[in-house]
Amino acid sequence: MKRYLPVLWFLLLALAACGQETEEKAAYQLYFQEADLTFSAGEGAFRTERIFLDQEETEDSQHLAAALLEELLRGPLDETLKSTIPAGTTLLSMTLEGSRAVVDFSSPYGTLSGVSLTLADSAVLMTLAQVPEISSVRITVRGRDLAYRDRQVLFVRDVLLSPEEDVVGSVKALLYFPDSSGVLLPEARTLELYEGDTQVSAVAKALERGPENRSERLPALPEGFQVKSVWLEEDVCYVNFSPAQLEGLEEEVIRTASLALGRSLCSLEGVEETRFLVGGEFSRTLETVEASGYRP
């Protein structure tokens, strides 16, 4: 029996080392599509496959995001899954600009369009959503935007919305968007409210996504622009902009954005006026918008 003890001791040490190595790895999910879509459609077609990344691959947000994308491009191990990204696509670069990930793929990604492009974009977005610092993603092909996309900047929160059965309510509002001559025109909407949403935050998010009828309306907010925070106190709505988001924008662009937000928010019942802040301080240049005339 004694001669077996060194062997048992060695095995125990080896198992302990394996356990320690596993503990040092972090688990993440990659998003793929069902290979057989007979009973699936849209986002319901996505399934995840778990991977483990070494500590050096997750030392900062940029390394982590790049590692996740490289794993996503390798495709699934499960034969019942398939990648939404064309074979041969490689990651040319992955950079972080604040909270936005700018992802540049090789030419095969540019062959996507329609539903196929939406599915591929969603897989990238949901995979990168695991990086806490990333709130939006811009996907280019060899350094260029895909001109046929509705939006070039994709927001993480759009793919992380609760499913329809978790809708907790709805609200009617008039969303204001400029026409080709710059005149703000209303677009009637019924907005769904998910858990954690408020009526005013739902309006701000809807404006960020842009108009439904893009043949007659233009986006009111610059591409990728996000309202830092919005809240209601009694009958006054407060909109807080990030100073960094306003840098470099022309005065007329900022004015159009604030007027569109103010009028849209004032279309809600119970909102009598909208006031603007920049970095938490009341703005001296952005005018207060009063509710008169902006009810649905």
Side-chain angles (χ1 to χ4, degrees), residues 21-22 24-58 60-96 99-142 145-146 148-166 194:
E21 182 180 354
T22 302
E24 290 177 355
K25 292 177 179 284
Y28 294 93
Q29 304 293 335
L30 303 178
Y31 287 80
F32 299 109
Q33 192 178 14
E34 289 280 6
D36 182 0
L37 294 179
T38 305
F39 304 105
S40 302
E43 288 188 1
F46 282 110
R47 296 292 180 269
T48 60
E49 189 169 85
R50 180 180 290 187
I51 60 164
F52 294 90
L53 297 179
D54 294 323
Q55 204 168 30
E56 58 266 23
E57 295 177 289
T58 61
D60 58 48
S61 298
Q62 185 152 322
H63 278 85
L64 173 56
L68 287 172
L69 290 174
E70 292 287 6
E71 293 291 338
L72 184 67
L73 291 175
R74 288 190 180 98
L77 297 175
D78 188 338
E79 293 182 355
T80 66
L81 301 177
K82 66 178 182 179
S83 179
T84 59
I85 299 174
T89 302
T90 58
L91 179 64
L92 300 181
S93 66
M94 207 311 301
T95 57
L96 282 181
S99 62
R100 180 176 303 160
V102 181
V103 179
D104 192 35
F105 287 130
S106 60
S107 297
Y109 202 92
T111 64
L112 295 167
S113 62
V115 174
S116 297
L117 178 61
T118 300
L119 289 170
D121 285 348
S122 296
V124 171
L125 196 57
M126 290 188 289
T127 298
L128 290 180
Q130 298 167 98
V131 183
E133 289 77 11
I134 293 177
S135 63
S136 63
V137 178
R138 188 185 197 108
I139 302 174
T140 59
V141 175
R142 300 187 66 183
D145 293 322
L146 297 180
Y148 41 85
R149 264 203 192 96
D150 288 338
R151 290 183 297 155
Q152 299 298 339
V153 177
L154 311 171
F155 292 99
V156 165
R157 68 187 180 206
D158 288 345
V159 296
L160 297 182
L161 287 176
S162 305
E164 285 189 13
E165 57 266 28
D166 290 339
Y194 297 84

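Just so you know, these numbers use all the heavy atoms, side chains as well, and skip hydrogens, waters and symmetry mates. This structure is a prediction, so every number in the text was calculated from the model and none was measured.
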Return the minimal non-hydrogen interatomic distance between Pro86 and Pro108, and the atom names on each side.
-> CG-O, 3.4 Å

Between the CG atom in Leu92 and the CZ atom in Phe105, the distance rounded to the nearest 0.5 Å is 9.0 Å

Residues which pass side-chain contact (heavy atoms from CB on, under 4.5 Å) with Val141, listed by chain and number, not counting sequence neighbours | Tyr109, Leu146

Mind checking the CG-CZ spacing from Leu81 to Arg47? Nearest 0.5 Å is all I need.
-> 8.5 Å

Has the side chain of Ser122 got a donor or acceptor atom that lies under 3.5 Å from a matching backbone atom of Thr118?
-> yes

Spatial distance of atom OG (Ser107) from atom CZ (Arg142) [nearest 0.5 Å] | 4.5 Å

Heavy-atom side-chain proximity of Val103 to Thr95 below 4.5 angstrom = no

Measure across Leu72 and Ala123 and return the closest heavy-atom pair with its distance rounded to 0.1 Å.
-> CD2-O, 4.1 Å

Between Thr90 and Ser106, which heavy-atom pair has the shortest distance, and what is it?
-> N-OG, 2.8 Å

d(Tyr28 OH, Ile51 CD1) to nearest 0.5 Å is 9.0 Å

If you take all heavy atoms of Phe32 and Ser83, which pair is closest and at what distance?
-> CD2-CA, 3.9 Å

Can you list, pair by pair, the side-chain donor-acceptor contacts under 3.5 Å of residues 129-137, counting residues two or more places apart and other chains?
| residue | atom | partner | partner atom | Å |
| --- | --- | --- | --- | --- |
| Gln130 | OE1 | Gln29 | N | 2.7 |
| Gln130 | NE2 | Gln29 | O | 2.7 |
| Gln130 | NE2 | Thr127 | O | 2.9 |
| Glu133 | OE1 | Ser61 | OG | 2.6 |
| Ser135 | OG | Ser99 | OG | 2.9 |
| Ser136 | OG | Arg100 | NE | 3.2 |

Contact summary for Glu49 and Pro76, nearest pair of heavy atoms | OE1-CA, 3.3 Å

Does Val124 reach the side chain of Leu69, with side-chain heavy atoms less than 4.5 Å apart?
-> yes

Please name the pair of heavy atoms, one in Ala66 and one in Leu91, separated by the smallest distance, quoted to 0.1 Å.
-> O-CD2, 4.0 Å

Value for CD (Gln62) from CG (Leu96), rounded to nearest 0.5 Å, stands at 5.0 Å

Quick one: do Gln33 and Leu119 satisfy side-chain contact (heavy atoms from CB on, under 4.5 Å)? Show the steps, please.
-> CA-CA 8 Å; Gln33 192 178 14; Leu119 289 170; 3.4 Å; yes

The single option from Asp121, Asp104, Asp145 passing salt bridge (Lys or Arg N to Asp or Glu O under 4.0 Å) against Arg138 | Asp145

Starting at CZ of Arg74, measure out to CG of Leu30 and round the result to the nearest 0.5 Å.
-> 10.0 Å

